[in-house]
Structures are given as structure tokens and as C-alpha cells.
Amino acid sequence: MEELMNTLIEFQRQRDWKQFHTPENLAKSISIEAAELLEHFQWNKEYNREEVLDELADVLTYCCFMADALDADVEEIILNKLEKTAKKYPVKKAKGVSTKYDKL
């Protein structure tokens, strides 16, 4: 993950884009790219895998830039959130069901 983040930050630095990568702008960009990803599934279940993966890469890239803008370690914040989610969704109650935690 560290190598990927370094590559992204260098890409950003070379283009002098960090000035535009505020948390607000990045949150907007994540939402916009997520909508573009969703658009591939708008009317049916068929999709172009390469195009979907490109949109997913855009979402993930902006998420990484957001983590950098917030001085957050991606691995750390994901593991912390996973720990919280594990408490909400214990395996015994949540395995194989999509019920929201407050209804388990």
C-alpha cells in the first residue's frame, strides 16, 4: 500500500494538483466517480468489465488522495473501521444475512 500511495502522490506532485485536492473537492470527486461507476449498472446487469474497473480505479484513487489530504493511513483507518463493523455484525448473527446491525 505504501508503494501505491507513493506512486499516487508523485503523480499528483508532478502535475501540481495537491492545491486542488482539498477534502471537500476530493469528497465531491469520490461521489462523482462513484456515480460514474454506478452508471454502468443503471439499466441492466451486463457491463463492460474494463470500463467498470477504470471507474473503480478512479474512485480508489480519489479515496487515496483523500486519505493523504487528511494525513490518514489507509491501512490503519480500514482496520479500525473493520474492528467497529465486526462489533456491529458478529459472525453468529450476521453470517449469510444482509440485515442491518440494529435489526440483528
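Below, all heavy atoms of this structure are taken into account, side chains as well, without hydrogens, waters or symmetry copies.
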First locate atom [atom1] of [X], then atom [atom2] of [Y], and finally report the distance between them rounded to the nearest 0.5 Å.
X   : Y   : atom1 : atom2 : answer
D73 : D68 : CG    : CG    : 11.0 Å
E51 : E36 : CD    : CD    : 11.5 Å
L37 : L53 : CG    : CG    : 9.5 Å
H21 : K18 : NE2   : NZ    : 9.0 Å
K88 : K93 : NZ    : NZ    : 14.0 Å
C63 : D58 : SG    : CG    : 11.0 Å

Over 12 non-hydrogen atoms of neighbours within 6.0 angstrom of [atom1] in [X]:
X    : atom1 : value
Y47  : OH    : no
R49  : CZ    : no
Q19  : CD    : yes
E46  : CD    : no
D102 : CG    : yes
E10  : CD    : yes

For the residue pair F11 and W17, categorise the inter-ring angle as parallel (less than 30°), tilted (30 to 60°) or perpendicular (more than 60°).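 Correct class here is perpendicular.
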
What do the steps show when you test K28 against E24 for side chain to side chain contact (heavy atoms under 4.5 Å, CB included), and what is the final call? CA-CA 6 Å; K28 291 174 189 176; E24 178 185 3; 3.1 Å; yes

So does E2 get a backbone contact from the side chain of N6, meaning a donor-acceptor N/O pair under 3.5 Å?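 A pair under 3.5 Å: yes.
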
Give a yes or no on whether the backbone of N25 and the side-chain of S29 come within a donor-acceptor separation of less than 3.5 Å.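 The answer is yes, because a donor-acceptor pair under 3.5 Å joins these two groups.
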
same_hphob_cluster([X], [Y]) at 4.5 Å side-chain heavy-atom cutoff:
X   : Y   : answer
L4  : L26 : yes
M5  : L70 : yes
L8  : M1  : yes
F20 : V59 : no

Should E39 and Q42 count as side-chain neighbours, where that means a heavy-atom distance under 4.5 Å?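 Of all side-chain heavy-atom pairs linking Q42 with E39, at least one is under 4.5 Å.
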
As a quick check of understanding, evaluate side chain to side chain contact (heavy atoms under 4.5 Å, CB included) for K100 and Y89, giving each step before the final call. CA-CA 8 Å; K100 189 171 178 185; Y89 294 94; 4.0 Å; yes

